[in-house]
Peer 1: 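Let me begin by handing over the structure; questions about it come next.
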Amino acid sequence: MPELLEVEAYRRATAVVVGGVITAVQCPDPRFLRRTVDAAELSAALADAAVVAVERRGKVMLVCTDAGHTLGVRFAMTGRVIVDGHEPIPELKYGPRGGDTASPRFIMSTTAGTVTVVDPRRLGSLHLDPDLTQLGPDASTLSVAELRSALECRRPLKAALLDQGRVAGLGNLLADESLWRARLAPGRPALDLDMDEERRLARTIVATVAQLGRRGGSHTGDLQAARDARGACPRCGTPLQVARIGGRTTLWCPVEQR
DNA sequence: ATGCCTGTTCTACC
DNA sequence: CGGTAGAACAGGCA
């Protein structure tokens, strides 16, 4: 998926239907609903309602209606949004080629436009009135205090950052980029950070999210080329270390990141 | 053919 | 309880 930045682009594109009335929703593949919601129930909850806002929390896009119901969309690895035939992110690095409208999983027709969620792998999911209390504070506005409480666990630092219940929105690329910029080793016990390091990391995460957002996505980090090539640290030239941390392939500079 | 991938969730196990 | 590892989900690409 789409990490927070890509979901934010989807949110912005989807927001063109704010003010429109939902005329129909279709779920061509019932498996996309998982067991979280029934197609008929979803349709009944959304049909004839007006879209009053499209929001985002972490990697979840929220379509809010005046009927009191909110639709939550998780994009997982290869989910994309197409609004009136236009794609906010034409090419997703690990997704299908841009312009590919095969594999529609959810189509919401409104008087202000049509939103289609495409996801060939079906790893994404739809949720009616999702429980947002399960999500941590959004990474884009993370404060030092929020980060500190997110790190109160006996886990590697990176595993804590990827845990959406602790910090919402960071994925594998943003996490590695932020840790590299903050010069903190991903395998450090999360509890070990001193106040100075917590301040540095919180500030770096917010700045990294903002800068990569301006550049165009999670894949625009300074570490990305070296990551793809399994190369060297762009700052000091030390070969990057590779390991699995928090269940994901992790790259870091063994000299600078402590 | 094999294995990897911007993710989540489940089970088994310690 | 808190934590980890691996599989599953499933498609495309090197």
Side-chain angles (χ1 to χ4, degrees), chain A residues 1-11 29-37 56-61 72-81 88-105 117-127 130-131 134-136 139-140 150-180 186-192 205 208-209 212-213 215-225 227-230 242-251:
Chain A
M1 140 166 64
E3 304 188 28
L4 161 168
L5 293 173
E6 288 72 28
V7 178
E8 176 60 19
Y10 294 155
R11 184 205 65 75
D29 188 326
R31 276 181 290 178
F32 194 64
L33 300 172
R34 297 287 152 78
R35 288 185 193 137
T36 59
V37 60
R56 179 192 61 77
R57 174 83 170 271
K59 306 177 191 174
V60 181
M61 184 174 84
V73 184
R74 285 182 180 275
F75 296 95
M77 300 262 270
T78 51
R80 293 178 298 140
V81 153
I89 304 177
E91 302 218 349
L92 196 59
K93 191 162 186 208
Y94 297 107
R97 284 282 160 247
D100 180 8
T101 53
S103 322
R105 307 303 181 199
V117 176
V118 167
D119 183 2
R121 289 178 70 178
R122 298 185 192 87
L123 295 181
S125 51
L126 298 178
H127 308 260
D131 179 8
Q134 299 303 305
L135 289 178
S140 64
L151 297 183
E152 278 172 6
C153 62
R154 292 186 70 80
R155 303 178 69 183
L157 179 53
K158 182 177 173 184
L161 293 181
L162 289 178
D163 182 343
Q164 301 298 300
R166 297 183 170 279
V167 175
L170 296 181
N172 203 32
L173 299 182
L174 285 175
D176 275 5
E177 177 77 17
S178 298
L179 288 169
W180 176 73
R188 276 271 294 278
L191 276 170
D192 266 16
I205 287 171
T208 301
V209 168
L212 270 50
R215 288 183 186 173
S218 305
H219 61 291
T220 61
D222 297 337
L223 192 61
Q224 190 62 36
R227 158 184 284 278
D228 289 341
R230 295 292 190 265
V242 185
R244 239 176 148 70
I245 299 178
R248 312 300 303 279
T249 299
T250 302
L251 287 85

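Reminder, nothing fancy here: chain letters follow the sequence lines and each chain counts from 1. These figures come from a predicted structure and were not determined experimentally.
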Peer 1: Heavy atoms from C-beta onward define the side chain here; which of dG3(C), dC5(B), dT6(B) lies closest to that of R244(A)?
Peer 2: dC5(B)

Peer 1: Given dG11(C), is OP1 or OP2 found less than 4.0 Å from the side-chain N or O atoms of S103(A)?
Peer 2: no

Peer 1: Suppose we define a pair by two distances each less than 3.5 Å, Watson-Crick or G-U wobble; what does dC9(C) pair with here?
Peer 2: dG7(B)

Peer 1: Verify whether one side chain among R244(A) and T249(A) offers a donor that lies under 3.5 Å from an acceptor in the other.
Peer 2: yes

Peer 1: What's the spacing between E152(A) CD and R166(A) CZ if we round to 0.5 Å?
Peer 2: 8.5 Å

Peer 1: Quick one: D163(A) CG to dG3(C) P, roughly how many Å, whole number?
Peer 2: 9 Å

Peer 1: Without decimals, in angstroms, what is the distance between L191(A) CG and dG3(C) P?
Peer 2: 8 Å

Peer 1: Calculate, to the nearest 0.5 Å, the distance between atoms CG and CD belonging to L135(A) and Q164(A) respectively.
Peer 2: 7.0 Å

Peer 1: Would you say R155(A) reaches dT4(C)'s phosphate, i.e. side-chain N/O to OP1/OP2 under 4.0 Å?
Peer 2: yes

Peer 1: From D222(A) CG over to W180(A) CH2, what is the distance, rounded to the nearest 0.5 angstrom?
Peer 2: 5.0 Å

Peer 1: Measure CD/E6(A) against P/dT6(B) and give the value in whole Å, please.
Peer 2: 12 Å

Peer 1: What's the gap between dT6(B) and dG3(C) when it is taken at their P atoms, as a whole Å value?
Peer 2: 24 Å

Peer 1: Any non-hydrogen side-chain atom of L161(A) less than 4.5 Å from a side-chain atom of L179(A)?
Peer 2: yes

Peer 1: From NZ of K158(A) over to P of dA5(C), roughly how many Å is that when rounded to an integer?
Peer 2: 13 Å

Peer 1: Any idea which heavy atoms bring Y10(A) and G79(A) closest together, and the distance?
Peer 2: OH-O, 3.4 Å

Peer 1: Would you say dG11(C) has OP1 or OP2 under 4.0 Å from some side-chain N or O of R122(A)?
Peer 2: yes

Peer 1: Could you state the CZ-C1' distance from R31(A) to dC9(C), rounded to the nearest angstrom?
Peer 2: 10 Å

Peer 1: Whole angstrom is fine here: how far is it from CZ in R230(A) over to P in dA14(C)?
Peer 2: 16 Å

Peer 1: Using a cut-off of 4.0 Å on non-hydrogen atoms, how would the nucleic acid contact of P156(A) be classed: base, sugar-phosphate, or nothing?
Peer 2: sugar-phosphate

Peer 1: If you only use heavy atoms from C-beta on, which nucleotide in dG11(C), dG3(C), dT6(B) is closest to the side chain of P120(A)?
Peer 2: dG11(C)

Peer 1: Closer than 4.0 Å, any side-chain N/O of R74(A) to the OP1 or OP2 of dT8(B)?
Peer 2: yes

Peer 1: Does T249(A) reach a base, just sugar-phosphate, or nothing at all? Heavy atoms under 4.0 Å.
Peer 2: sugar-phosphate

Peer 1: Examine dG7(B): is either OP1 or OP2 under 4.0 Å from a nitrogen or oxygen in the side chain of K59(A)? Give yes or no.
Peer 2: yes

Peer 1: Can a side chain N or O of R248(A) be found less than 4.0 Å away from OP1 or OP2 on dT6(B)?
Peer 2: yes

Peer 1: D228(A) CG to dC13(C) P: how many Å, rounded?
Peer 2: 16 Å

Peer 1: If we take the C1' atom in both dT8(B) and dC1(C), what is their distance in whole Å?
Peer 2: 23 Å

Peer 1: Given atom CZ of R166(A) and atom P of dG2(C), what is their separation to the nearest angstrom?
Peer 2: 9 Å

